[in-house]
Novice: 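Have a look at this one.
Side-chain atoms are counted along with the backbone in the values below, which use heavy atoms only and exclude waters and symmetry mates. Proteins get letters first, then strands, A, B, ... in listed order; numbering begins at 1 in each.
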2 protein chains.
Amino acid sequence: MNKADQIIQEIGERPTAVRTAVLGVLLNAGSALAHPEVLERLKNLGEFDRVTVYRVLEWLVIHGLAHKVAGTGRACRFQATHPDTTHRHAHFQCRECGKICCLTEIEPKLTNLPEHFTVESIELNIKGVCDDCGRHIPR
Amino acid sequence: MNKADQIIQEIGERPTAVRTAVLGVLLNAGSALAHPEVLERLKNLGEFDRVTVYRVLEWLVIHGLAHKVAGTGRACRFQATHPDTTHRHAHFQCRECGKICCLTEIEPKLTNLPEHFTVESIELNIKGVCDDCGRHIPR
DNA sequence: TCAGATTTTGCAACATAGTTGCATAAACTA
DNA sequence: TAGTTTATGCAACTATGTTGCAAAATCTGA
């Protein structure tokens, strides 16, 4: 059975064709994908409506199967939540290629947080130049 | 003389009417403002074109007089850089009222960053419920 | 397994956020 | 003050995302 299918069934929700396909795409991607990229990769798997894909991406986030990352551009990117990524981890976005990836080794530490704020999530976005681009592009 | 005017002159750039007005709005705001909010507040100061305001906001960022914060919505928010805010600081966005404010007391610490990534900026976004909303809205 | 209820999908239209090209206006320089 | 550069305003456009609604798919209980 499909990995994506399995994950959706495990949380007791309906593994429809679109959900399975979208989650599958996210699981296979090495980095966070923007909506157009997801749509592009779905073309190999069938015809899916862009609105439905938007809704499925939101659905995945609500059900904790993916998370939304705000990058440098205007578009949000989505990434499947792997069991080993906790709620508190960092994303790295490359200025050159725009790729976003999880840096699981980094644990953002909060010190001196004002007491009257209730914290629900922490996002640590690091921007710079990634390994690949740093090698190819002399600076 | 106007504070905004002065700041722009100090960096050796032209303090035009729009630039002074926009920077003034950002300086007076307690939190980061999205483009429509800036436009709204500018109405008291005269008629300004929305495209020009977009361009001025970008201009302020390029010249280091403001910084751009990605919030939960799609719109970017802009905040005047105060002398006491360093390049590495945190933003807090309230889930209820959407307000974004700087938390200068927090210093994001990076540990275990992979060596092959060149870091240019670090953004620590904390989401939750702010002081005001936490008091008014029982949860 | 069928009828009705619920959920999901697809389509069209709309909304929001931001960009581009270009002509005019303002500011600067010699 | 004339010419050059820079900034602004307007219109049109692109990108990203949302809403309403009807049709299709799925589920549930008899």
Novice: Are the side chain of B:R41 and the backbone N or O of B:V25 linked by a donor-acceptor pair below 3.5 Å?
Specialist: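 It does not hold such a pair.
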Novice: Without decimals, in angstroms, what is the distance between B:R74 CZ and D:dG17 C1'?
Specialist: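 Rounded to the whole Å, the gap is 5 Å.
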Novice: Please check this pair: side chain of B:R19 against backbone of B:R14, looking for a donor-acceptor N/O pair closer than 3.5 Å.
Specialist: yes
Novice: Check A:T81 against A:H67 and note the closest heavy-atom contact, atom names and distance.
Specialist: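 For A:T81 and A:H67, the tightest heavy-atom pair comes out as CG2-ND1, 3.0 Å.
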Novice: Which parts of nucleotides 4-14 of chain C does protein reach within less than 4.0 Å, heavy atoms only, written one letter per nucleotide 5' to 3' as B for base, S for sugar-phosphate only and - for none?
Specialist: ---SSSBBBB-
Novice: Please give me the minimum heavy-atom distance between B:V18 and B:T52, naming the atom from each residue.
Specialist: CG1-CG2, 3.9 Å
Novice: Taking atom P of D:dT26 as reference, at what distance in whole Å does atom CG of A:D5 sit?
Specialist: 12 Å
Novice: Could you check A:V56 against A:V38 for side-chain contact (heavy atoms from CB on, under 4.5 Å), going step by step and ending with a plain yes or no?
Specialist: CA-CA 11 Å; A:V56 167; A:V38 174; over 6 Å; no
Novice: In whole angstrom, give the distance that lies between atom OH of B:Y54 and atom P of D:dT8.
Specialist: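 Rounded to the whole Å, the gap is 17 Å.
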Novice: Show, in sequence, the C-alpha distance, side-chain angles and deciding distance for B:E58 and B:Y54, and conclude whether the side-chain contact (heavy atoms from CB on, under 4.5 Å) test is met.
Specialist: CA-CA 6 Å; B:E58 281 304 323; B:Y54 271 117; 6.0 Å; no
Novice: What is the distance from NE2 of B:H35 to C1' of C:dT19, rounded to the nearest Å?
Specialist: 12 Å
